[in-house]
Q: 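Here you go, one structure.
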Amino acid sequence: MGKDRVPAFTRCRRMPTFAPRRQSPIGSPALTMLHLADIRRDPEAAKARLSHRHFANLAAIDELIALDDQRKKLQTDHDAVLAESNSLAKEVGQLYAQGKKAEGDAAKVRSSELKQRSAELTAQQAQVSEALQTLLYTLPNLPHASVPAGRTPEDNEVVRSGGKNPSLDATAKPHWDLAATYDLIDFELGVKLAGSGFPVYKGKGARLQRALIAFFLDRATEAGYTEYLPSVLINEASGFGTGQLPDKEGQMYLVSEDKLYLAPTAEVPLTNIYRDVILEEAQLPVRMTAYTSCFRREAGSYGKDVRGLNRLHQFEKVEIVRIEHPDRSYAVLEEMVAHVESLVQALELPYRILRLCGGDMGFTSALTYDFEVWSAAQERWLEVSSVSNFETFQANRLKLRFQDNNKKKALAHTLNGSALALPRIVAALLENNQDETGIAIPAVLQPYTGFARIGG
RNA sequence: GGUGAGGUGGGUGAGUGGCUGAAACUACCGGUUUGCUAAACCGGCGUACCGUAACAGGUACCGCGGGUUCGAAUCCCGCCCUCACCGCCA
């Protein structure tokens, strides 16, 4: 094992730093979002799937293929030039060694012509690569066939729901009032220490955080996920690998002195553990879980969305991540949904599961299920989990592959989901379980909290 | 923060400007041999792209980028990273 950070896996020799646009024009079409080979295999299918997202520029697919054709032609030409150049270089040495100076000089002349030609081709290749890359960056992942065609959150499909809405009386308070009443969370103190959106939990409020984290991690571990405690600072390459960079740069906190970002989710460090890795097929599936604080700038959010715990700059979350064989990934997605569902059920929260429509789905996802819990005093649904299959979209950026016994390599599928994000769970727990004198803690959490009620 | 060392294939580790995509060992795979385990011997064994029906073949890659040269792992410049020790700190 030794110093290898990912023991037992085959590591790629090359660990490209984050600079996809500046990659050599020769060779690989560089890091792409969608896998170009897949698009080429069936361009019409790609267009059909993209239209599910209401992606406007379907002509991009044809442009892409045309550019790729150009790229191939240029490479073939360039290879021929370089091949001649290489053999010529060998001859030169021999010619001089044999005393054939005149012929050697002639070869040098030809060689410099080729060098000139090579430089031209390099420039053209760079240009085509750049165009190809730019275009590929604009393409989101291809939605799965089951993704509803809608455009807005209203068009999301409710897959199923569960739990029972509590009947609260008129005196029921929203969670931010409850947090103050029972001295669980101090929002003003957070403002003092950092700013709005950085609540300070205290007393039973803090203990409840710890309890939920431990509970979620235990459940994930029982389900076969290996627990990690990764770094929360991530570098550019990691941000690129999972798709946060370059698009969502503004959503992450940047430690500019060190060019590191605060991870917006444990998905980033966890998934990037397998960046530049070729797994043996027998090593699949990979299941990982981690608790981390998550940091999001949430620029542009306002109003009731940011009240109390509804939307924060820092929050706690347990994440589950899987690396799977393409044949299994959708079955696994359902399995993950079932896992998350078991959590909200155990917490006795009213919930519903949404299949996100094409217009509401994230850029990198092929299919996403959102979990929402009912926040009874606010009388609104709060998103507490998002479970997605990214198919090869992330794997392509990560260069995360697996190989079978014949050394045949293919991109793996990556999936992840919150299991779960704490703040809105806490909001719902506080609001839904309140009565005149206090707040009841769900039975399943009591071994973790050490108390059954908050307040009287 | 300071000083020093170093980045070559899965690992260890050679490498004089052309015969090095790269010695050797090791690991791994296949084969031969062998009462068993083991050993010995032979062969294979990087990644990506182009190319092919598939082979073949071509090109690039010795941390990254650039330069010198007919020709660079090897020489020059810039950058990045890692390790060790000292200092500081949890």
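In the text below, chain A, chain B and the rest are named by the order of the sequence lines, each starting its count at 1.
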Q: Just the rounded figure in Å: distance from C1' of B/U69 to CG of A/L114.
A: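 That distance rounds to 15 Å.
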Q: Could you give the distance separating B/U16 and B/C86 at their P atoms, to the nearest angstrom?
A: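 Going atom to atom, P in each nucleotide, I get 34 Å.
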Q: Do any pairs count as a salt bridge (Lys or Arg N to Asp or Glu O under 4.0 Å) and have a residue in residues 312-326 of chain A, sequence neighbours left out, and if so which ones?
A: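 Listed once each, the pairs are A/K317-A/E319, A/R322-A/E324, A/R322-A/E335, A/E324-A/R328.
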Q: Could you measure between the two P atoms, the one in B/G67 and the one in B/C62, and give it in whole Å?
A: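 These two P atoms come out 15 Å apart once rounded.
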Q: When rounded to the nearest Å, what value does the distance between P atoms of B/G51 and B/A38 take?
A: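 It works out to 46 Å between them.
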Q: Over how many whole Å does the gap from A/D69 atom CG to B/G51 atom P extend?
A: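 After rounding, the gap between these two atoms is 9 Å.
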Q: Look up atom CG in A/L430 and atom CG in A/D177, then write down how far apart they are to the nearest 0.5 Å.
A: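 Rounded to the nearest 0.5 Å, the CG-CG separation comes to 11.5 Å.
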Q: Suppose you measure atom P in B/U3 against the same atom in B/A90; what distance do you get, rounded to whole Å?
A: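 It works out to 25 Å between them.
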Q: Find the distance A/L74:CG to B/C49:C1' and express it as a whole number of Å.
A: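 It is 13 Å, rounded to the nearest whole Å.
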Q: Hunt down any stem RNA chain B takes part in, defined as 3 or more consecutive Watson-Crick or G-U pairs whose two distances are each under 3.5 Å.
A: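 Correct response: B:1-7 with B:80-86, B:10-12 with B:24-26, B:28-32 with B:40-44, B:46-50 with B:57-61, B:63-67 with B:75-79.
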Q: What contact category does A/K409 fall into here, base, sugar-phosphate, or nothing, at under 4.0 angstrom with non-hydrogen atoms?
A: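 Touches sugar-phosphate only.
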Q: Please state how far atom NE2 in A/H78 lies from atom P in B/G58, giving the value in whole angstrom units.
A: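 My rounded result for the distance is 16 Å.
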Q: Using atom P in both nucleotides, what's the gap between B/C29 and B/G17 to the nearest angstrom?
A: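 It works out to 40 Å between them.
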Q: Hey, is the side chain of A/K115 poking within less than 4.0 Å of OP1 or OP2 on B/G71, counting only N and O atoms?
A: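 Checking B/G71 against A/K115, a side-chain N or O does come within under 4.0 Å of OP1 or OP2.
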Q: Want to settle it: does A/L88 or A/K259 sit nearer the 5' end of RNA chain B, counting the closest nucleotide to each?
A: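 Here A/L88 is the residue nearer the 5' end.
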Q: Just jot down the side chain to side chain donor-acceptor pair (under 3.5 Å) partners of A/H339, sequence neighbours excluded, or say none.
A: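 In terms of side chain to side chain donor-acceptor pair (under 3.5 Å), with neighbours along the sequence ignored, A/H339 is linked to no residue.
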Q: Could you work out which one of B/U59, B/G51, B/C70 sits closest to the side chain of A/L82?
A: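 Minimum distance to the A/L82 side chain belongs to B/U59.
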Q: Taking all heavy atoms of A/H52 and all of A/P143, pick out the closest pair and write down the distance.
A: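 Heavy atoms only, the tightest pair is CB-CG, 4.0 Å.
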Q: When rounded to the nearest Å, what value does the distance between C1' atoms of B/U59 and B/G4 take?
A: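 Straight-line distance between the two C1' atoms is 40 Å.
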Q: With a non-hydrogen cut-off below 4.0 angstrom, is A/A83 in contact with a base, only sugar-phosphate, or nothing?
A: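 The answer is sugar-phosphate, as A/A83 gets under 4.0 Å only of primed atoms, P, OP1 or OP2.
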Q: Measure CD/A/E91 against C1'/B/C19 and give the value in whole Å, please.
A: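 It is 15 Å, rounded to the nearest whole Å.
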Q: Side-chain N or O of A/R401 less than 4.0 angstrom from OP1 or OP2 on B/A48?
A: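 Affirmative; the distance criterion is met.
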Q: Rounded to the Å, how far apart are A/K73 NZ and B/C50 P?
A: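 Answer to the nearest Å: 15 Å.
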Q: Looking at residues at least two apart in the chain, or sitting in another chain, which of them share a side chain to side chain donor-acceptor pair (under 3.5 Å) with A/K47?
A: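 Testing A/K47 for side chain to side chain donor-acceptor pair (under 3.5 Å), a comparison that skips the adjacent residues, returns A/E44, A/D62.
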Q: Taking only residues two or more places apart in sequence or in another chain, which ones pass side chain to side chain donor-acceptor pair (under 3.5 Å) with A/Q70?
A: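 Not a single residue meets the side chain to side chain donor-acceptor pair (under 3.5 Å) criterion with A/Q70.
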Q: Applying salt bridge (Lys or Arg N to Asp or Glu O under 4.0 Å), run through A/D105 and A/K108 and close with a yes or a no.
A: CA-CA 5 Å; A/D105 289 345; A/K108 278 194 187 184; 5.1 Å; no
Q: Determine which pairs satisfy side chain to side chain donor-acceptor pair (under 3.5 Å) with at least one residue from residues 184-196 of chain A, sequence neighbours left out, and list them in order.
A: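 Sorted result for residues 184-196 of chain A: empty, none.
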Q: Could you work out the separation of B/G63 and B/A53 based on their C1' atoms and round it to a whole Å?
A: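 One C1' to the other, the span is 40 Å.
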Q: Provide, to the nearest angstrom, the distance between the CZ atom belonging to A/R71 and the P atom belonging to B/U59.
A: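 Atom CZ in A/R71 sits about 18 Å away from atom P in B/U59.
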Q: Looking at A/N86, I'd like to know whether one of its side-chain N or O atoms comes within less than 4.0 Å of OP1 or OP2 on B/G71.
A: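 Answer no for this pair, as no side-chain N or O of A/N86 is under 4.0 Å from OP1 or OP2.
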Q: Toward the 5' end of RNA chain B, which comes first, A/A107 or A/K72, by nearest nucleotide?
A: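 Upstream on the strand: A/K72.
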Q: Output the rounded distance in Å from CD (A/E84) to P (B/A60).
A: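 Answer to the nearest Å: 13 Å.
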Q: When you compare B/G65 with B/A73, how far apart are their P atoms, in angstrom units rounded to a whole number?
A: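 Taking atom P in both B/G65 and B/A73, they lie 13 Å apart.
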Q: Grab the two heavy atoms, one from A/P199 and one from A/Q314, that are nearest each other, plus how far apart they are.
A: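 Closest pair (atom of A/P199, atom of A/Q314, distance): CD-O, 4.3 Å.
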